[in-house]
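Lettering of chains follows the sequences in order, A, B, ..., and the numbering in each one begins at 1.
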Number of protein chains: 4
Amino acid sequence: MRRDAFAEGYQRVVEWPLTGIAVLFLGAYSWPVLEPGMAGSLRRACSVATVVIWAVFAGDFLLRLGLARRRMRFLREHVVDLLVLALPLLRPLRALRVVTALGRLNRRAATSLRGRAMVYVVGGVGLLGFTAAVAVLDAERSEPSASIKNFGDAAWWAVTTITTVGYGDRYPITGAGRVAGVGLMLGGIALLGVVTAALASWFVEHVSRQEREEADLRVQVSALVEEVRALRVELRRTPSELAQQEPGSGIGPTA
Amino acid sequence: MRRDAFAEGYQRVVEWPLTGIAVLFLGAYSWPVLEPGMAGSLRRACSVATVVIWAVFAGDFLLRLGLARRRMRFLREHVVDLLVLALPLLRPLRALRVVTALGRLNRRAATSLRGRAMVYVVGGVGLLGFTAAVAVLDAERSEPSASIKNFGDAAWWAVTTITTVGYGDRYPITGAGRVAGVGLMLGGIALLGVVTAALASWFVEHVSRQEREEADLRVQVSALVEEVRALRVELRRTPSELAQQEPGSGIGPTA
Amino acid sequence: MRRDAFAEGYQRVVEWPLTGIAVLFLGAYSWPVLEPGMAGSLRRACSVATVVIWAVFAGDFLLRLGLARRRMRFLREHVVDLLVLALPLLRPLRALRVVTALGRLNRRAATSLRGRAMVYVVGGVGLLGFTAAVAVLDAERSEPSASIKNFGDAAWWAVTTITTVGYGDRYPITGAGRVAGVGLMLGGIALLGVVTAALASWFVEHVSRQEREEADLRVQVSALVEEVRALRVELRRTPSELAQQEPGSGIGPTA
Amino acid sequence: MRRDAFAEGYQRVVEWPLTGIAVLFLGAYSWPVLEPGMAGSLRRACSVATVVIWAVFAGDFLLRLGLARRRMRFLREHVVDLLVLALPLLRPLRALRVVTALGRLNRRAATSLRGRAMVYVVGGVGLLGFTAAVAVLDAERSEPSASIKNFGDAAWWAVTTITTVGYGDRYPITGAGRVAGVGLMLGGIALLGVVTAALASWFVEHVSRQEREEADLRVQVSALVEEVRALRVELRRTPSELAQQEPGSGIGPTA
């Protein structure tokens with residue numbers, strides 16, 4: 001009981017600091033990539049920062065694992081966290097915490113399911129695009145025959161990939177760059193899917209509200225209302241009819 | 001009170017002239033790009049026209065801002081107008097007013113939500129494609145290593161981009177051209193999304209109208225109607241039963 | 001009156017022969033393109049056949065125009081027919097009649113809206129792909145720098161275009177070839193849209209039938225049924241109660 | 001009767017072994033492709049295994065054909081099995097049995113329609129991607145001018161194709177490779193369609209449950225409930241009114 005309460009309190013306290021640190025990680029990861037001519041000491045500082053932040057997240061994971069009642073279940077449910085910790089390539093994705101956190105902030109205001117899904121996907125796709133552009137630049141820059149050599153090209157490649165346009169004027173040739181590309185393609189499918197689905201559900205909702213229900217249901221239900229109203233009228237009529245009939249035919253002769 | 005009425009009247013009076021001027025802007029912007037061998041004086045005239053029309057729209061924006069009751073809210077709600085005014089690259093998009101205006105004309109006739117959305121998107125995508133083709137041609141033409149050198153190539157590139165096909169036989173290499181490309185790709189996602197969503201909602205509406213309601217609801221509601229009808233029959237039966245019972249059993253003994 | 005009856009009878013009689021002739025047109029159009037080493041006399045025969053069939057369709061159009069009551073409206077409603085007659089590039093699309101005819105045959109059997117839409121789009125997309133491949137081959141073959149030089153390449157290009165993959169290993173460079181390409185891209189958007197929409201409406205129908213109605217509506221309507229049933233029970237109770245109460249309390253004292 | 005029972009029993013007994021053998025086939029087919037420097041004896045063993053497994057599947061098909069009551073109908077319904085047997089290129093697709101079998105296993109647990117469709121498509125797309133990558137590598141490797149020469153390139157090509165990105169840095173040039181590509185493109189359309197459709201139906205279900213029914217139906221039905229409730233109140237009132245009225249006006253004079 002007390003362990004659960006502590007785990008919950010820990011989560012609440014730690015949520016925003018960890019989100020901030022995840023953003024710092026993204027900065028410390030991307031800054032040296034984006035500025036190749038960085039001073040060696042600053043570069044080393046960024047490198048140290050990424051290792052320290054990684055260690056903080058590893059500690060957070062182990063603490064939460066320790067606090068969990070059913071550890072195997074915790075591992076099963078947090079397999080993405082585990083992958084992000086273990087695989088260096090996925091680490092910048094930790095910044096997706098920001099999107100989740102923003103979504104949580106937003107939850108109070110926006111009650112629209114579609115709006116929230118759009119915020120998650122558009123925010124996630126933007127961050128994924130930036131991260132993939134940085135990762136691909138980091139991976140490809142040193143390759144002599146690569147076509148992605150500066151951040152402009154990397155960002156352009158990321159946009160053409162995520163929209164599934166894929167000109168092929170720029171494309172990754174290293175394994176790490178291609179893994180980033182696959183992530184972008186999957187993100188692109190999600191983007192297209194969510195945009196289309198949100199539009200479709202909006203159409204379905206408004207068109208059907210406008211047409212279907214007006215046509216079928218309203219007619220039937222209002223016919224039913226009429227029926228019940230007629231019934232009530234009939235009911236109101238009967239006692240007086242009863243009263244008028246009684247003296248004359250049924251009870252009158254007894255007088 | 002009077003300021004609101006004036007603002008509303010101003011909007012009504014100014015709407016169509018501004019739409020016409022926005023079309024003129026698109027013409028004065030694209031003509032010199034499409035015809036490189038244009039006489040210098042005409043080119044200067046077009047250049048002057050774009051500046052004058054820009055000034056007219058800036059004046060319109062400032063006037064509406066001045067007339068607005070809550071200025072911060074006005075700025076928040078018209079941030080797109082502000083961006084179109086401020087960023088030269090986005091200026092030709094002002095011609096999208098035509099689509100909005102056509103949509104407004106159409107509103108009286110077409111009551112179909114889906115139809116109107118299709119008109120907006122197809123019209124907007126067409127205009128966006130033309131504008132992006134002109135913008136990319138303007139940006140790329142002077143670049144020696146560019147692959148888009150005439151309007152035919154630019155239009156072909158715009159179509160391959162907006163449908164997310166992206167052969168890569170033509171692609172922008174300048175920053176401005178790539179920004180136009182990103183606009184097209186987003187337009188392409190919107191196009192695909194709206195077409196799919198309109199089809200999906202059409203299917204949902206017609207399939208479900210045909211099957212679902214016939215099966216479930218109609219059965220239940222008509223069962224309910226039957227129930228109420230039976231009730232009314234029973235009600236009609238009771239007064240006479242009452243009348244017949246009264247002389248014999250309940251009231252008869254009083255005689 | 002008699003003119004309308006004649007027009008209707010004419011349409012019925014002429015429908016299948018014209019569909020057959022449209023298929024012949026597609027054959028006579030594509031055969032010389034697919035077999036460049038064709039004997040000159042056969043090539044001339046094909047050429048004559050396309051002209052004759054064109055004349056037949058022109059005659060059919062004029063006759064139907066003559067029979068129409070309101071000619072301007074007829075032209076407005078048959079603008080696609082007019083375009084297919086006027087523009088040589090669009091002529092092979094006349095073979096799309098086959099799809100429409102097949103759809104009409106199918107109408108008796110298949111009552112599923114979605115199924116019919118899929119048949120139209122898949123059939124139309126297949127025919128459009130073949131026609132575009134032939135048209136692009138015809139247009140590009142004579143171009144020295146073209147990348148589409150045989151039917152295999154043209155068909156491969158058509159498939160990569162219609163699925164919006166667009167590798168860019170093959171692409172049209174002539175105006176006519178690019179027009180065929182634009183047709184394919186639009187067909188591809190339609191294909192993707194219909195497939196997605198059919199799946200979405202299938203999900204919506206089955207998921208919602210299963211869950212939504214069970215949960216919300218059924219509960220409410222059956223509550224209503226309960227209400228009415230209780231009402232009927234009460235109604236059945238009242239006459240006898242009335243009969244029992246009357247002698248004792250209301251009418252008894254009069255004795 | 002006994003033949004049907006035997007056929008059913010045969011199917012049940014043979015299902016899992018055949019699925020296992022189909023996986024073996026995929027292994028024996030892809031291993032030599034993935035490891036070109038394989039020992040000659042092992043390569044021969046794989047080759048023998050594929051032939052033997054093919055013969056097993058051919059025997060299974062013939063046996064089921066023999067057991068079928070209506071053979072023409074059996075052939076019509078199993079035309080895909082027949083094609084997979086007849087066409088060498090399609091043979092690895094037999095491994096799709098695994099997905100079907102997994103789906104059958106899953107059926108007990110997962111009752112969600114959307115979830116099951118996602119499992120089928122994601123599983124099928126993954127297997128299709130692997131098979132197409134192996135097939136394309138097998139077809140292209142020996143071609144001097146091909147761009148797909150190792151499994152990494154083939155897998156990268158498969159992913160860019162199935163997501164319809166299509167950079168065009170790698171593409172098949174042989175007939176067999178292009179057929180594999182067409183399969184992937186169709187799989188990609190299915191993937192995009194199912195993801196979008198599942199999202200759309202999820203939105204439709206949750207949004208509409210939340211909004212539509214609350215707004216329209218609930219209002220109408222609860223109005224109806226009110227109406228019926230008022231009716232019941234009135235009904236309860238009438239017998240006593242009747243009782244009070246009877247002594248005074250209708251029956252009183254008889255006293």
Exercise. Counting only heavy atoms closer than 4.5 Å, note whether A:V194 contacts chain D via side chain, backbone, both or neither.
Key: both
Quiz item: Is any NZ, NE, NH1 or NH2 atom of the basic residue among A:R170 and D:D169 found under 4.0 Å from an Asp or Glu carboxylate oxygen of the other?
Solution: no
Self-check item: D:T164: which of A:T164, A:L192, A:V165, A:I189 passes side chain to side chain contact (heavy atoms under 4.5 Å, CB included)
Solution: A:T164
Exercise. Among A:A197, A:P172, A:S147, single out the residue with the greatest number of heavy-atom pairs under 4.5 Å to chain D.
Key: A:A197
Quiz item: Picking from D:V159, D:L191, D:I162, which has the most non-hydrogen pairs under 4.5 angstrom with chain A?
Solution: D:V159
Exercise. Quick one: do A:R178 and D:T160 satisfy side-chain contact (heavy atoms from CB on, under 4.5 Å)? Show the steps, please.
Key: CA-CA 10 Å; A:R178 284 179 172 178; D:T160 61; over 6 Å; no
Quiz prompt | Taking every non-hydrogen atom, the tightest pair across D:A200 and A:A200 | solution = CB-CB, 4.3 Å
Practice problem: Of all the heavy-atom pairs spanning A:G193 and D:L199, show the shortest one and how long it is. | Solution: C-CD1, 3.7 Å
Quiz item: Got a sec: does the CD of A:E143 have more than 12 other heavy atoms crowding it under 6.0 Å?
Solution: yes
Practice problem: Check the angle between the aromatic planes of D:Y167 and A:Y171 and answer parallel, tilted or perpendicular using the 30° and 60° thresholds. | Solution: tilted
Quiz item: Counting heavy-atom pairs under 4.5 Å to chain D, which of A:L186, A:T196, A:V182 comes out on top?
Solution: A:V182
